[in-house]
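Comments concern the structure below.
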Amino acid sequence: MKILIAPWGNPSAWQEVTYRFGDVEDNSKSSLKIIQQAIQPDKTIIIGLDTLAEKGEDYCEVKQDAENKIKKYADNFGIENYDVLIAPGVGTFPNGKFSGSALDYYYYIISKLISKFLKFFQKDNLKNIGDKIEVHLDLTHGLNYTTVLTYRAVREILQTLAIFKSVDFKAYSTDPSLPRS
């Protein structure tokens, strides 16, 4: 089984660039599309932040607004067969102040990724997914603390899975596109 995970910041400012991955080349605003084309994952998880939300009367609505925004961009970028996980962010933005700790993000995503992995494996039955689990992590568009903490969470989850199955873990990152003058 191949799983692709990508933490995202705010896709609204991303510019189209040419990405190359092995023999595959694509013009896109996101590296995730070319990685999907190259590795053909069974599952893709995009981790977005609640800080993207612009409206909501309660936290469920805030998360839903942020998820809808991520889905809109993912669809526009040509990303296919993906799930969105909205995690708590920290910072002050034009749309509000989000209080907390970066570790809130870490603990939240580790619990949610474990839950998603268990659902994937239950659906496919851990015995029937083969001898190897491949996890690919695209850190290209993550936001400062999200890249480090996502890497740490995924690595810790996979260390436990490695007790039961052979695990391959690959992390990718590329320099983001700089604004043109």
inquiry  = Test your reading of the model: is there a side-chain donor-acceptor pair from Q36 to the backbone of I79, 3.5 Å cut-off?
reply    = no
query = More than 12 non-hydrogen atoms from neighbouring residues, nucleotides or ligands closer than 6.0 Å to CD on E156, yes or no?
reply = yes
key: Heavy-atom check, side chain of L113 versus side chain of I5, under 4.5 Å   = yes
ask   = If you draw a 6.0 Å radius around NZ in K112, do more than 12 non-hydrogen atoms from other residues or ligands fall strictly inside?
value = no
query = Just by distance, do the side chain of D42 and the backbone of I3 share a donor-acceptor pair under 3.5 Å?
reply = no
query = Got a donor-acceptor contact below 3.5 angstrom from the S111 side chain to the Y108 backbone?
reply = yes
request  = Could you walk me through whether K132 and D168 pass salt bridge (charged side-chain N to carboxylate O under 4.0 Å, His left out), step by step?
outcome  = CA-CA 7 Å; K132 183 167 67 171; D168 281 349; 3.3 Å; yes
inquiry  = Counting neighbours of OH on Y107 that are heavy atoms of other residues, nucleotides or ligands and sit closer than 6.0 Å, is the number greater than 12?
reply    = no
request  = Could you pull out the closest heavy-atom pair between V24 and I34, with the gap in Å?
outcome  = O-CD1, 3.2 Å
request  = Heavy atoms only: give me the nearest L49-G89 pair and the separation to one decimal.
outcome  = CD2-CA, 4.0 Å
inquiry  = Using every non-hydrogen atom in the two residues, find where K71 and Y82 come nearest and quote the distance to one decimal.
reply    = O-OH, 3.2 Å
task = Report yes or no: does K165 contribute a side-chain atom to a donor-acceptor pair with the main-chain N or O of I133 at less than 3.5 Å?
result = no
note = What one should report as the nearest heavy-atom pair of I109 and A87 is CG2-CB, 3.7 Å
key: Taking every non-hydrogen atom, the tightest pair across Y145 and P88   = OH-O, 4.3 Å
query = So do the side chains of E61 and D65 get within less than 4.5 Å of each other, counting heavy atoms only?
reply = no
ask   = Would you say L149 and F117 are hydrophobically clustered, going by side-chain heavy atoms of ILVMFWY under 4.5 Å?
value = yes
ask   = Is there a donor in the side chain of Y106 and an acceptor in the side chain of S101, or the other way round, less than 3.5 Å apart?
value = no
message = Is a donor from one side chain sitting under 3.5 angstrom from an acceptor on the other, for Y73 and N10?
response = no
